[in-house]
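Working notes for the structure below.
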2 protein chains.
Amino acid sequence: MNPAPTHPDRWRADNPDAPAGLLEAFCAYEDALMADDLAVLDDLFADAPGTLRGDPEGLLVGHAAIGAFRAVRGGAPSRTLAAVRVVGTGETAVVVAVTEPTRGGHGLQTQAWRRGADGAWRIDVAHVAPPPVTFDASVWRVVGDPLAFPTGAGPLTGESVAVKDLFAVAGHRVGAGVPAWLAEQEPAASDSAAVALLRRAGALIRGIARTDQFAYSLAGDNPHHGTPVNPAVPGALPGGSSSGSAVAVSLGAATIGLATDTAGSVRVPASYQGLWGWRPTHGGVPTGGLLPLAPDFDTVGLLTRELDPLRRAAAVLLGESAGTQTCGERVRPATLPGVAASARAAFEAWADAAGLGILELPDLAEAAEAFRVHQAWQAWQAHGRWLTSHPGAMLGAAGQRFAAAASVTVAEDRAARATLARWRATLDATLGDATLVVPSAASAAPRRWATPEQVDAHRAATFGLTCIAGITGRPAISAPLLTTPTGPVGVSFIGPRASDLALLEEAATLPVGVSPPG
Amino acid sequence: MNPAPTHPDRWRADNPDAPAGLLEAFCAYEDALMADDLAVLDDLFADAPGTLRGDPEGLLVGHAAIGAFRAVRGGAPSRTLAAVRVVGTGETAVVVAVTEPTRGGHGLQTQAWRRGADGAWRIDVAHVAPPPVTFDASVWRVVGDPLAFPTGAGPLTGESVAVKDLFAVAGHRVGAGVPAWLAEQEPAASDSAAVALLRRAGALIRGIARTDQFAYSLAGDNPHHGTPVNPAVPGALPGGSSSGSAVAVSLGAATIGLATDTAGSVRVPASYQGLWGWRPTHGGVPTGGLLPLAPDFDTVGLLTRELDPLRRAAAVLLGESAGTQTCGERVRPATLPGVAASARAAFEAWADAAGLGILELPDLAEAAEAFRVHQAWQAWQAHGRWLTSHPGAMLGAAGQRFAAAASVTVAEDRAARATLARWRATLDATLGDATLVVPSAASAAPRRWATPEQVDAHRAATFGLTCIAGITGRPAISAPLLTTPTGPVGVSFIGPRASDLALLEEAATLPVGVSPPG
């Protein structure tokens, strides 16, 4: 009878020249991995800033980042070892293992081990690959080749669309990121207005992409379906609520992300992933067949890797209603409250080089709070009845947000509306036809191991930037212009209402070229 | 201005301690990869039997296998390098690169280099990971979470089905592996009979999986959509025509593969991938809503990783019509013409240990040829009209097979039918109620770099084994029992007609446990 796969004797005959102690260390690591014994795992990785661990989500650099990742992972998937091959006979060796996850297929793991001064073997580099994924349900709810054909030919022929799961696609349900909701829906009889426009212009529908629950989040961490990868920043949140559309575009699985932006749900994932994002002038794109969150702020927007398809798709969605408003001087606020130092430094260096004027903007805290209240009130109007009859349907932060929304009173909402009307007038007077330029988010994407408090603080600061477009109904483009040590940050250009086409035209002059993080 | 990413100076500052010459070798490798310069690539991999190259399709062992893989790959996807990190300062070092494919996302590549006696750096181990895949269109045409909900609860509650793209699923087209066909279809108004039965018994539909063109192949290499991975054998064909259903099941993306078996399209992928496969008694499972290939041979079958869900799902599909025929003695043929030596050795060792009786079976060459002719005639009856009006719609070997089918005359088919009727009587007389046991395929899965002639010869020999069930209408189970040096091989148990349930019951006594290939 063979020894068990995590007993070193099991692999001795296949690797007679393996250095002494290596197979023992390797098997101890495998045992600790299956037991999620973080102390042993941490100990078996070299405690150095250059220690590396890579997987499909990216490359983590340094013992600390690797440990932080492991601490929130909640254990590795159950597996056994199918084959182990040792290459090297000295003080360093590479161990390649074919893994056999319980759920199927074969994975691959490559580890570079080194014997330290204390005689113990430790891992310098690990590269972990699960079996091939054929369908990532954290990114898509339904996807196909295609899911729906174009209905015409035109400027979008050859493009493929990842449709946020709030838009009706003929023959498919709208799922809204909430399984209990999805289960009760009927297939849509016809396409939503935006989907119909894109198909008629030649685009195919690649699939229906995940959203945060009822789009009430900026994080992209829907607890029902798992948090999709951020393809630009290893271990980071992808941003939401248009998480699936953004990730599908980042990975090249679709060329256009059809999304919504109520309080930043296009601009935040664009910023986190180094994409182009567009929030149109309020009312500029028809919302027929779109499940609402807060109609006074809801807009239909787009995400792309390149500017060119964004310009073509935006023109299609705007159609006849595209305004001809031009954009005035580009200005930036004198201060950026709550924006992280690294993002602010990158933004200011760019803004200085671009010669942006400076605008004294009033403190927006009151306006942001009124936005928050009126958004919550509308969200409860849209979904409160259903939520009340489906306790437990919502999970996590978005669920808590709806619970809080339930307690907003009519009086509070009336006050918030009045505040918003006043602020809209104030901002219009202050901005005029200028293009206001701000970071698209308060920092690069938070890591998944950020605390809920950190994520909340980041969200609040980001909200202070994104709410300007929502309050004024002005359009915004998020351009992938900035690189910080912790990932990309977008730059938002907020133009006067109906200046969408002018904003997009001017975007073509921007010096794009975000370096990916190492 | 920075040097280009494939110039060693680009990465010098990030890796000041890199051993002399290593970055030069690394960059030369990257240049050769992008140029698909096979000679340079071969030279930069250590010329040794223990050299390793792994990717999501598995681990290739040895310089020769790696070179063979590379020769048929047709170049690596276009990419640039986003980051390079060297770990190690002596005669061995690991280079980890973050890659940036043109189509999106970030990949990862880990290489273990060693400086040889000639002073040149060469790769001992390479581990290559593309960016995350969110949708593998070589496996699925459409897939969802779920694609279609169960319509009832029962013995299949909790199971998920990969439906071969020949069965109608309500609201979806039938694509049959032929894009020009797909483009002309309308969504099905209702489920095919088998899909309806599975859903009513509690199974959800995970997706619609790829098939070879009109199911007229045993290879699984549909040229329109790419060849799916064989999760059990690196670099091998997955088997067909139920390729997508089989691969989805192998990888755990679905628990049940709904498939068809006309001439082996369930049993061959089961054999190649180490799965359970079932071809029912002819007529035992309703074929309503199934696109035909050759109705006199077409059956609705299943693929699973474990026997238990196969038994439950088979009982659901058989329903009231499940026969109560028992199985007699297990016997094997005295000879296995065309079966590869390694598969024959594994089979005979197993059969000897199992104490199988030996049956003198007549030479089946005439019967197999008659099967081939009548299958071709029927295939042309089913699809010839459409194919004639769509020249160029078919590619590759299946296209050639249809072209040949067009020339089968009525007289040839009449003669073939008579031959088949005679052989059916002969085989029934010879077999009686015995269970005939044969290898499910003539060898382990052919590698993708096998020549068309090799694949054809293998197909012909396999056909000699699989045609017995087709000619007699007898049911067959393929069990994942054999391991050969080149991959798993299934064992087929062909029972008397209507013995499906008895075959499945007896299968539970088999000593399953295929070791995966290293």
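First the proteins, then the strands, lettered A, B, ... as listed; each starts at 1. Treat the numbers as computed from the prediction; the structure is a model and nothing was measured.
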(message) Is A:Leu108 close to chain B through its backbone or its side chain, or both, or neither, when contacts mean heavy atoms under 4.5 Å?
(response) both
(request) Rounded to the nearest 0.5 Å, what's the gap from OG1 on B:Thr80 to CD on B:Glu100? Could you check? (result) 7.0 Å
(request) Identify which of B:Asp124, B:Leu52, B:Val247 forms the greatest number of heavy-atom pairs closer than 4.5 Å to chain A. (result) B:Leu52
(request) Select one option (side chain, backbone, both, neither) describing which atoms of A:Thr134 are under 4.5 Å from chain B's heavy atoms. (result) both
(message) So which residue, B:Gly171, B:Pro231, B:Pro131, B:Pro132, ends up with the most heavy-atom pairs under 4.5 Å with chain A?
(response) B:Pro132
(message) Are the side chains of B:Ser250 and B:Leu275 in contact, using a 4.5 Å heavy-atom criterion?
(response) yes
(message) Please classify the contact of B:Thr102 with chain A as side chain, backbone, both or neither, using a heavy-atom distance under 4.5 Å.
(response) backbone
(message) What part of A:Pro187 gets within 4.5 angstrom of chain B, counting heavy atoms only: side chain, backbone, both, or neither?
(response) neither
(message) I'd like to check A:Pro56 versus A:Pro130 (side-chain heavy atoms, cut-off strictly below 4.5 Å). Are they in contact?
(response) yes
(request) Examine whether an atom of A:Phe135 lies under 4.5 Å from a heavy atom of chain B, and if so say whether it belongs to the side chain, the backbone or both; otherwise answer neither. (result) both
(request) Name all residues meeting the side-chain hydrogen bond (donor to acceptor under 3.5 Å, both in side chains) criterion together with A:His172; count only those two or more places apart in sequence or in a different chain, and write none if there are none. (result) none
(message) So for A:Arg103, is it side chain, backbone, both, or neither that comes closer than 4.5 Å to the heavy atoms of chain B?
(response) both
(message) Below 4.5 Å, heavy-atom pairs only: which of A:Ala137, A:Ala248, A:Gly144 has the largest tally toward chain B?
(response) A:Gly144
(message) Quick one: does any side-chain atom of A:Thr304 pair with a main-chain N or O of A:Glu306 as donor and acceptor, under 3.5 Å?
(response) yes
(request) State whether the number of non-hydrogen atoms from other residues, nucleotides or ligands found under 6.0 Å of B:Glu184 atom CD is greater than 12. (result) yes
(request) Give, as side chain, backbone, both or neither, the part of A:Gln273 having an atom under 4.5 angstrom from any heavy atom of chain B. (result) neither
(request) Please look at A:Leu147 and chain B and tell me whether the side chain, the backbone, both or neither of the residue comes under 4.5 angstrom of a heavy atom of that chain. (result) side chain
(message) For B:Val94, which atoms come within 4.5 Å of any heavy atom of chain A: side chain, backbone, both, or neither?
(response) side chain
(message) So for B:Arg206, is it side chain, backbone, both, or neither that comes closer than 4.5 Å to the heavy atoms of chain A?
(response) side chain
(request) Give, as side chain, backbone, both or neither, the part of A:Val87 having an atom under 4.5 angstrom from any heavy atom of chain B. (result) side chain
(request) Specify which of A:His225, A:His127, A:Arg305, A:Glu57 makes the most heavy-atom pairs with chain B at under 4.5 Å. (result) A:His127
(request) Taking the side chain as every heavy atom from C-beta outward, state whether B:Val143 and A:Val143 have any pair of such atoms under 4.5 Å apart. (result) yes
(message) In the structure I gave you, are the side-chain heavy atoms of A:Pro269 and A:Pro238 within less than 4.5 Å of one another anywhere?
(response) no
(message) For A:Arg115, is there an ion pair with A:Glu91 - N to carboxylate O distance below 4.0 angstrom?
(response) yes
(request) First locate atom CD1 of A:Ile123, then atom CZ of A:Arg53, and finally report the distance between them rounded to the nearest 0.5 Å. (result) 10.0 Å
(request) Against chain B, label A:Val139 side chain, backbone, both or neither, depending on which of its atoms sit under 4.5 Å from a heavy atom there. (result) side chain
(message) Can you confirm whether B:Pro480 sits close enough to B:Pro488 that some side-chain heavy atom of one is under 4.5 Å from a side-chain heavy atom of the other?
(response) no
(message) Can you tell me which portion of A:Asp55 sits under 4.5 Å from chain B's heavy atoms? Options are side chain, backbone, both or neither.
(response) backbone
(message) Under the salt bridge (charged side-chain N to carboxylate O under 4.0 Å, His left out) test against B:Asp145, which residue among A:Arg210, A:Arg141, A:Arg173 passes?
(response) A:Arg210
(request) Check each atom of B:Thr110 against the heavy atoms of chain A and say whether the ones under 4.5 Å are side chain, backbone, both or neither. (result) both
(message) For chain B, which candidate among A:Val96, A:Asp14, A:Val84 shows the most heavy-atom pairs at distances under 4.5 Å?
(response) A:Val96
(request) Pick one of side chain, backbone, both or neither for A:Thr255, based on which atoms fall under 4.5 Å of a heavy atom in chain B. (result) neither
